[in-house]
Amino acid sequence: MSERGNRKTQIGVVVSDKMDKTAVVKVDRLVKHPVYNKYIKRSAKYKAHDIDNAAKIGDRVLIVETRPLSKDKRWKIRQIIESKA
């Protein structure tokens with residue numbers, strides 16, 4: 001699988017697998033507060049293309065940025081890092 005250029009990758013947890021060939025992945029990140037210098041957890045949900053419907057709820061997955069596949073889908077699941085089952 002050869003990829004062109006630099007594509008963004010993120011690691012997250014699957015929170016929904018109810019759609020066909022799509023999984024919703026929640027990605028957490030830590031952001032430093034500008035005044036209090038404490039770290040705050042922020043999260044974002046991404047719809048990711050899952051061609052084999054292999055990802056299940058609770059799995060840790062690696063997602064990679066890709067061309068727009070639908071209105072909301074801009075990511076693709078490259079690898080299941082840790083399976084919940």
Side-chain angles (χ1 to χ4, degrees):
M1 180 191 306
S2 65
E3 305 252 352
R4 289 181 148 174
N6 293 331
R7 302 233 171 133
K8 294 178 189 170
T9 61
Q10 299 199 37
I11 295 175
V13 178
V14 176
V15 292
S16 173
D17 62 351
K18 295 187 184 303
M19 292 172 277
D20 186 34
K21 297 184 182 176
T22 304
V24 180
V25 180
K26 182 179 167 193
V27 177
D28 291 325
R29 62 191 174 95
L30 291 175
V31 178
K32 193 171 187 179
H33 192 280
V35 175
Y36 300 117
N37 293 326
K38 289 182 74 173
Y39 285 95
I40 306 165
K41 188 184 283 188
R42 296 280 184 225
S43 62
K45 289 183 186 174
Y46 300 104
K47 288 183 183 158
H49 190 60
D50 182 15
I51 191 73
D52 301 325
N53 286 323
K56 301 298 175 204
I57 294 176
D59 291 353
R60 282 176 52 87
V61 294
L62 174 71
I63 58 174
V64 62
E65 196 175 35
T66 186
R67 66 181 178 83
L69 298 170
S70 72
K71 179 184 171 187
D72 299 325
K73 211 167 16 169
R74 307 288 191 267
W75 296 83
K76 194 186 304 185
I77 293 179
R78 177 182 281 170
Q79 176 185 2
I80 297 175
I81 297 170
E82 182 183 329
S83 183
K84 186 77 173 186

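Heavy-atom basis, side chains included; hydrogens, waters and symmetry copies ignored.
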Find out whether Val25 and Lys45 are in side-chain contact, i.e. whether some heavy atom of one side chain is under 4.5 Å from a heavy atom of the other. no
Derivation and outcome, side chain to side chain contact (heavy atoms under 4.5 Å, CB included), residues Glu65 and Trp75: CA-CA 5 Å; Glu65 196 175 35; Trp75 296 83; 4.0 Å; yes
Can Thr66 and Arg7 be said to form a side chain to side chain contact (heavy atoms under 4.5 Å, CB included), step by step? CA-CA 7 Å; Thr66 186; Arg7 302 233 171 133; 4.2 Å; yes
dist Ile63:CD1 -> His49:NE2 (nearest 0.5 Å) comes out at 13.5 Å
To the nearest 0.5 angstrom, please state how far the CD1 atom of Ile40 sits from the NZ atom of Lys32. 11.5 Å
Do Tyr46 and Ile80 share a hydrophobic cluster, counting only Ile, Leu, Val, Met, Phe, Trp and Tyr and linking them when any side-chain heavy atoms are less than 4.5 Å apart? yes
Could you measure the distance from the CG atom of Asp59 to the OG atom of Ser83? Nearest 0.5 Å is fine. 4.0 Å
Sidechain-backbone polar pair: Asp50 side chain, Ala55 backbone, donor-acceptor under 3.5 Å: yes
Contact summary for Ala23 and Ile77, nearest pair of heavy atoms: CB-CD1, 3.9 Å
For residues Arg60 and Ile11, determine if any side-chain heavy atom of one lies less than 4.5 Å from a side-chain heavy atom of the other. yes
Let me confirm one number: the NZ-NZ distance from Lys71 to Lys47, rounded to the nearest 0.5 Å. 8.0 Å
Let me see the working for Lys41 and Leu30 under side chain to side chain contact (heavy atoms under 4.5 Å, CB included), right down to the final yes or no. CA-CA 5 Å; Lys41 188 184 283 188; Leu30 291 175; 4.2 Å; yes
Taking the side chain as every heavy atom from C-beta outward, state whether Val24 and Met19 have any pair of such atoms under 4.5 Å apart. yes
Donor + acceptor pair across side chains of Asp20, Asn53 (<3.5 Å): yes
About how many Å separate OG1 of Thr9 and CZ of Arg78, when rounded to the nearest 0.5 Å? 7.0 Å
Of all heavy-atom pairs linking Ile81 and Val61, the shortest is CD1-C, 4.1 Å
Verify the cluster assignment for Val27 and Val14: are they in a single hydrophobic cluster under the rule of side-chain heavy atoms below 4.5 Å apart? yes
When rounded to the nearest 0.5 angstrom, what is the spacing between CD1 in Ile57 and CG in Asp17? 4.5 Å
